[in-house]
Amino acid sequence: MAEKVTPRDVDYSRWYTDIVLQGKLADYSPVKGAMVIRPNGYAIWEMIQKYLDKMFKDSGHVNAYFPLLIPESFMKKEAEHVEGFSPECAIVTIGGGQELEERLYIRPTSETIIWSMYKKWIMSYRDLPILINQWANVVRWEMRTRLFLRTSEFLWQEGHTAHATSEEAEEETLKMLNIYKTFVEEYLAIPAITGKKSESEKFAGALHTYAVETMMQDRKALQAGTSHNLGQNFAKAFDVQFQDKDGKLNYVWATSWGVSTRLIGALIMAHSDDRGLVLPPRMAQRPVVIVPIWRGDDQKVQVLEFADSVYQELKAKYNVIFDDREQYKPGYKFADWELQGIPIRVEIGPKDVANNKLVLVRRDTMEKQFIDRKGVLETVTDELNKMQSELLEKARIFRDENTFDIDDYDEFKKILAGKGGFLKSHWCGGAECETKVKDDTKATIRCIPFDRKKEDGKCIVCGKKSSGRVVFAKAY
RNA sequence: CGGGGCGUAGCGCAGUCCGGUUAGCGCACCUGCCUUGGGAGCAGGGGGUCGGAGGUUCAAAUCCUCUCGCCCCGACCA
């Protein structure tokens, strides 16, 4: 606790790590590349689960659970899929002391095992759609890892749906993407761009991939969620056919979609400051902390009594921390809770008791307000709501200020070599130009945004005709 | 897998070049006193086979050989 958070402008990457470690969100584990999610971090994941799960259920989905281990032969059934995932898979070769006849992959994603089951479950159009979601862990053997953003094991949810028609699958793919967008904006308070991925960025085995893209404070992009239209690829690989009303056999249409604990990384990088984590109130399991302050035993009794009455009132609605630890002075406690991102701090000292007031400090603005004791619950609720919407607004302004329409490749390169940002530029649709941009600048096409305007222009690289702009950025 | 760096108390480090008392410092931890409106102070205390193995020597954290592990930067990725 003695160490301070490295400021963002000194070293952004150190800053991020400091926030995670000092905010007690996660810690390095004995297993290389894997992290321990500590209670503060897991609480955020629980909030993500709580809200998303409700959104999934409200849109007709149900939860299920499939095995962690996948037979090697399953992984190899879909050509693009195996090519995309094999290099980063961990494989079990021994079980019960015996070499296994067939090796088992630790799931990097569950399409294959789920579709092997769907084959058993789907006979008729009456069995469709299947709208299943799974909350699970997956393993991808990454070379370079970063807390929450990329670890060899991570938690996520993966939806896997089966449909009778292509149109219905496409509709589902877009519906889930929009649920992610809504969640990211309304709960995580991060403005989101939705759009389609280019061929090179799409999911291994998908027809096409849609994504939610967000901007972090270092102006880099972070993909917050993806939704894939898998077409009939997996149905064909696993021979899943159904009989339609006319008695004809058809392959089933599929989607899959997911978000991971990476969202916690996004949340941290979007809002936090040099004092530590800043949590949007809706994502805070414990949104309020009360810090009583006194001098001498007489004051202690009065202050604690007054503070307790405030605590009782707020406790009716919020999970409130009452920090009456005696071994720490107020300054320490302020710093401690700021590091952990508690959205609202209430300070109660002798002066407040005398005036029947209290001090309220919002984590995002850090402004101290003297508020009346009466109506404290309403005031706190009001401030939490304001903080939620102001965080989103602030992030939106930041993103817009760092999004540019660029038509000149030299300028394009210059910006990416400097501050960076989202660059909206014309693109011919060719993979060569996309690769050249990546080689020249490390930036990639984040998405072809849904809301792009029809506009004639020339590809930023080759100058060929283009009918609209795509979003380029360096990404996590 | 290429390039760089590091293993000494829970964490961060000094000591290693040039071998020599009982291996030291900061933070954290424990006890007591004192304190509480921005990361207090004082006093006392616990905790280390110096990453591992072998060797040289009267003597090794320090020199030699081998070995294991980790971190950072690149190629790959949610």
Revision key, fill the gap. Sequence neighbours excluded, the answer for ring-ring contact (aromatic ring centres under 6.0 Å, His included) partners of A/Y16 is none
Exercise for review: Please say whether more than 12 non-hydrogen atoms of neighbouring residues, nucleotides or ligands are located less than 6.0 Å from CD in A/E80.
Suggested key: yes
Exercise for review: Using both distances under 3.5 Å as the test, list the Watson-Crick or G-U wobble partner of B/G7, or none.
Suggested key: B/C68
Check your understanding: When the ring planes of A/F183 and A/Y51 are compared, do they come out parallel, tilted or perpendicular, using 30° and 60° as the limits?
Key -> tilted
Check your understanding: Given the P atoms of B/G20 and B/C70, what is the spacing between them in whole Å?
Key -> 32 Å
Check your understanding: Is it true that A/K50 and A/E46 have a side-chain N and a carboxylate O under 4.0 angstrom from each other?
Key -> no
Could you list all N or O pairs between the protein and nucleotides 34-36 of chain B that sit under 3.5 Å apart?
from	atom 1	to	atom 2	distance (Å)
B/U36	OP1	A/R295	NH1	2.1
B/U36	O2'	A/W294	N	3.4
B/U36	O2'	A/W294	O	3.1
B/U36	O2	A/Y328	O	3.4
B/U36	O4	A/W294	NE1	2.7

**Study point:** Candidate nucleotides B/G37, B/C76, B/A40, ranked by approach to the side chain of A/K351 - the nearest
**Key:** B/G37
Point to revise | Nearest-Å distance once atom C1' is located in both B/A40 and B/G47 | key: 25 Å
Practice item. Please check if the distance between the ring centroids of A/F450 and A/Y210 is under 6.0 Å. Key: yes
Review point. If you find the nucleotide of RNA chain B closest to A/W156 and the one closest to A/P350, which residue's nucleotide is nearer the 5' end?
Key: A/P350
Practice item. Show the numbers, then the answer: is there a side-chain contact (heavy atoms from CB on, under 4.5 Å) between A/I106 and A/L68? Key: CA-CA 6 Å; A/I106 298 176; A/L68 170 71; 3.8 Å; yes
Extract from the structure each pairing of a protein N or O with an N or O of nucleotides 71-75 of chain B at less than 3.5 Å, listing the distance.
from	atom 1	to	atom 2	distance (Å)
B/C73	OP2	A/R144	NH1	3.4
B/C73	OP2	A/R144	NH2	2.0

Practice item. Pull out every residue in residues 183-200 of chain A that has a heavy atom closer than 4.0 Å to any atom of RNA chain B, ordered by number, or say none. Key: none
Practice item. Test A/F154 against A/M35 for side-chain contact (heavy atoms from CB on, under 4.5 Å), laying out the working first. Key: CA-CA 9 Å; A/F154 56 94; A/M35 67 171 177; over 6 Å; no
**Study point:** Distance flag, aromatic centroids of A/F203 and A/H208, threshold under 6.0 Å
**Key:** no
**Study point:** Whole-angstrom distance between B/A23 and B/U16, as gauged at atom C1'
**Key:** 12 Å
Point to revise | Watson-Crick or G-U counterpart of B/G37, or none if no pair lies under 3.5 Å | key: none
Point to revise | Counter-base of B/G74, judged by Watson-Crick or G-U geometry with both distances under 3.5 Å | key: B/C1
Point to revise | P spacing across the pair B/G19 / B/A59, given as an integer number of angstrom | key: 15 Å
**Study point:** Of residues 360-374 of chain A, the positions that come close to RNA chain B - non-hydrogen atoms, cut-off under 4.0 Å
**Key:** A/M366, A/K368
Exercise for review: Return the nucleotide paired to B/C29: Watson-Crick means purine N1 to pyrimidine N3 with N6-O4 or O6-N4, wobble means G-U with N1-O2 and O6-N3, both under 3.5 Å.
Suggested key: B/G45
**Study point:** Between B/G48 and B/G24 - P atom distance, rounded Å
**Key:** 13 Å
Point to revise | Rounded distance in Å between the C1' positions of B/A60 and B/U8 | key: 14 Å
**Study point:** Nucleotide forming a Watson-Crick or wobble pair with B/U62, both distances under 3.5 Å
**Key:** none
Point to revise | B/U67 versus B/U49 - spacing of their P atoms, nearest Å | key: 26 Å
Point to revise | Between A/F56 and A/W257, ring centroids under 6.0 Å | key: yes
Revision key, fill the gap. By the Watson-Crick or G-U definition, both distances under 3.5 Å, B/G24 is matched with B/C13
Check your understanding: RNA chain B: A/E338 or A/K438, which has the more 5' nearest nucleotide?
Key -> A/E338
Check your understanding: Given the side-chain rings of A/F472 and A/F412, with only the six-membered ring counted for Trp, is the space between their centroids under 6.0 Å?
Key -> yes
**Study point:** Verdict with reasoning, A/H271 to A/M216, per side-chain contact (heavy atoms from CB on, under 4.5 Å)
**Key:** CA-CA 8 Å; A/H271 303 302; A/M216 302 294 102; over 6 Å; no
Exercise for review: Determine the interatomic distance between P on B/G51 and the same-named atom on B/C13; round to the nearest Å.
Suggested key: 14 Å
Point to revise | A/S256 (side chain) donor-acceptor with A/H228 (main chain) under 3.5 angstrom | key: no
Practice item. Ignoring hydrogens and angles, tell me if any N or O in the side chain of A/R399 forms a donor-acceptor pair with the backbone of A/K394 under 3.5 Å. Key: no
Exercise for review: Within residues 254-286 of chain A, find the residues that approach RNA chain B with a heavy atom at under 4.0 Å, and present them sorted by residue number.
Suggested key: A/S260, A/R262, A/R275
Exercise for review: Check the surroundings of atom CG in A/D297: do more than 12 heavy atoms from other residues, nucleotides or ligands lie under 6.0 Å from it?
Suggested key: no
